[in-house]
2 protein chains.
Amino acid sequence: MRANGLARELIERIADKWTLLIVAALGEEPKLRFSGLRERIERVSHKMLAQTLRQLERDGLVMRTVHPVVPPHVEYQLTPLGRSLLVTVTEFCAWTRRHMAEVEQARSAYDARASVEDAPERAESSPLAPENLRG
Amino acid sequence: MRANGLARELIERIADKWTLLIVAALGEEPKLRFSGLRERIERVSHKMLAQTLRQLERDGLVMRTVHPVVPPHVEYQLTPLGRSLLVTVTEFCAWTRRHMAEVEQARSAYDARASVEDAPERAESSPLAPENLRG
DNA sequence: CTGCATCCACGAAGATACTG
DNA sequence: CAGTATCTTCGTGGATGCAG
């Protein structure tokens, strides 16, 4: 079962917000320059964008095309492998949009519950009662 | 367009390796105890598991059931909302398994290319030639 | 415009210990 | 067994500067 480690490593590498956001961006706009990506992905730093793009390129998910002009013109696009991942990524993004409200609601409920459980502090179904002991 | 920020926040929260691995684990084994999850998810620390489970609970993706016995017996399972996410998560894991080899291959190719580009250092299609200038 | 290196700060995450 | 808190460490990631 050591072979599974590779899949695990790949999951950890790709299950990362910048990776996801870049793939999603290139899904909507097939060819984007470095600066174009920066505009579309809010709050991504120069460094993280470059770093993540290098990883995606190395993993064969993104292709980098340099046009030899000055100033440099570099385009990024998904490879066929990248597009196969895009399907899942798109679905994932759609899920968040669909269920955003439910999650928000769950959070409110959880927070409300948490706050009432702090104050009253009332005795409840004592876990230490003899009928509940096992060991 | 401030509403989009919520989806973005949710993506960042869920696109995290521990979240994914926990959801996947609960997809394979619907009811798991804390210790059961630790066994199934390799190299997860006590702390990160607890922390991520609290988040998943708060987000309404995981339900926590405490059986009042001693020692405590706590079970975790996906909520309906969690199961709806499971579909995508499962697909994502399947993708990594299916394309692991291709990624490995792309990495080798990339690394090989990178190393040969270091040594020879040969003059190539000068980007500074007049016909390439724009500004 | 793009890319890489450096420096630095902050938060994430591990180890440990203690409560219920 | 499960959970939380504390402490410390380590890496991520931001800011900046420089080069091509």
Side-chain angles (χ1 to χ4, degrees), chain A residues 12-13 15-19 21-22 31-58 62-77 110 114 117-118 121-129 132-135, chain B residues 12-13 15-19 21-22 31-58 62-77 110 114 117-118 121-129 132-135:
Chain A
E12 295 189 12
R13 156 96 35 118
D16 150 75
K17 61 177 175 181
W18 299 131
T19 298
L21 291 168
I22 290 175
K31 283 190 178 185
L32 278 171
R33 304 179 58 175
F34 189 87
S35 48
L37 281 164
R38 282 202 78 176
E39 284 165 21
R40 270 159 206 276
I41 305 176
E42 302 183 352
R43 295 186 303 282
V44 66
S45 69
H46 186 122
K47 180 186 178 180
M48 287 317 294
L49 182 55
Q51 200 174 97
T52 309
L53 281 171
R54 287 304 87 73
Q55 281 195 339
L56 286 170
E57 194 189 350
R58 191 173 103 97
V62 159
M63 190 171 73
R64 176 171 170 270
T65 314
V66 182
H67 297 94
V69 297
V70 38
H73 184 106
V74 181
E75 277 179 348
Y76 293 95
Q77 57 190 308
Y110 182 94
E117 272 166 20
D118 274 341
E121 195 73 47
R122 177 176 323 285
E124 43 176 276
S125 72
S126 77
L128 289 170
N132 285 330
L133 291 176
R134 298 206 292 175
Chain B
E12 295 190 11
R13 156 97 35 117
D16 149 75
K17 62 178 175 180
W18 298 131
T19 298
L21 291 169
I22 291 175
K31 284 191 178 185
L32 278 172
R33 304 180 58 175
F34 188 88
S35 50
L37 280 164
R38 282 202 77 174
E39 285 165 20
R40 268 157 208 277
I41 305 175
E42 301 183 351
R43 295 187 302 283
V44 64
S45 68
H46 185 118
K47 181 185 175 178
M48 287 316 295
L49 182 54
Q51 200 173 99
T52 310
L53 280 171
R54 285 307 85 76
Q55 282 196 339
L56 286 169
E57 195 190 347
R58 190 172 106 96
V62 159
M63 190 172 71
R64 178 171 169 269
T65 314
V66 182
H67 297 93
V69 297
V70 38
H73 185 107
V74 181
E75 278 180 348
Y76 293 94
Q77 55 191 309
Y110 182 96
E117 272 166 20
D118 274 342
E121 195 74 44
R122 175 176 326 283
E124 43 177 275
S125 72
S126 77
L128 289 171
N132 285 330
L133 290 177
R134 298 204 290 174

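Distance, B/M48 CE to D/dG11 P: 16 Å, rounded to whole Å. Rounded to whole Å, atom C1' of D/dG14 lies 18 Å from atom CD of A/E42. The distance from atom CD of A/Q55 to atom C1' of D/dT12 is 12 Å, rounded to the nearest whole Å. Counting to the nearest Å, the C1' atom of C/dA13 and the CG atom of B/L53 are 16 Å from each other. As rounded to whole Å, 18 Å separates atom C1' of D/dA15 from atom CZ of A/R43. One can place CD of B/E12 at 11 Å from P of D/dG13, the figure rounded to the nearest angstrom. Between the CG atom of A/L49 and the P atom of C/dG3 there is a distance of 9 Å, rounded to whole Å. Rounded to whole Å, atom P of C/dG3 lies 5 Å from atom CZ of A/R64.
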task: Output, in order, the C-alpha distance, side-chain angles, deciding distance and verdict of side chain to side chain contact (heavy atoms under 4.5 Å, CB included) for A/T65 and A/V74.
output: CA-CA 6 Å; A/T65 314; A/V74 181; over 6 Å; no
message: What verdict does the side chain to side chain contact (heavy atoms under 4.5 Å, CB included) test give for B/E57 and B/M63, after you've listed the backbone C-alpha separation in whole Å, the side-chain angles of each residue and the deciding distance to 0.1 Å?
response: CA-CA 6 Å; B/E57 195 190 347; B/M63 190 172 71; over 6 Å; no
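Between the side chain of A/H46 and the base of D/dG14, no donor-acceptor pair of N or O atoms lies under 3.5 Å.
Neither OP1 nor OP2 of D/dC1 sits under 4.0 Å from any side-chain N or O of B/Y76. At the phosphate of C/dA15, neither OP1 nor OP2 sits under 4.0 Å from any side-chain N or O atom of B/S45. OP1 or OP2 of C/dC4 lies within a sub-4.0 Å distance of a side-chain N or O belonging to A/R54. Contact annotation: B/R33 side-chain N/O to D/dA2 OP1/OP2 distance is under 4.0 Å.
Comparing A/A50 and B/V44 by the nucleotide of DNA chain C whose heavy atom lies nearest to each, the residue mapping closer to the 5' end is A/A50.
Among the nucleotides C/dT6, C/dC1, D/dT4, the one closest to the side chain of A/K47 is C/dT6. Checking D/dC1, C/dC1, D/dG3 against every side-chain atom of B/F34, the shortest atom distance belongs to D/dG3.
Between B/F34 and B/H46, the angle of the ring planes lies from 30° to 60°, which puts this pair in the tilted group.
Contact check on B/E12 versus A/K17 returns a salt bridge, with a Lys/Arg side-chain nitrogen under 4.0 Å from an Asp/Glu carboxylate oxygen.
Annotation: the span from A/T19 atom OG1 to A/M48 atom CE amounts to 8.5 Å, rounded to 0.5 Å.
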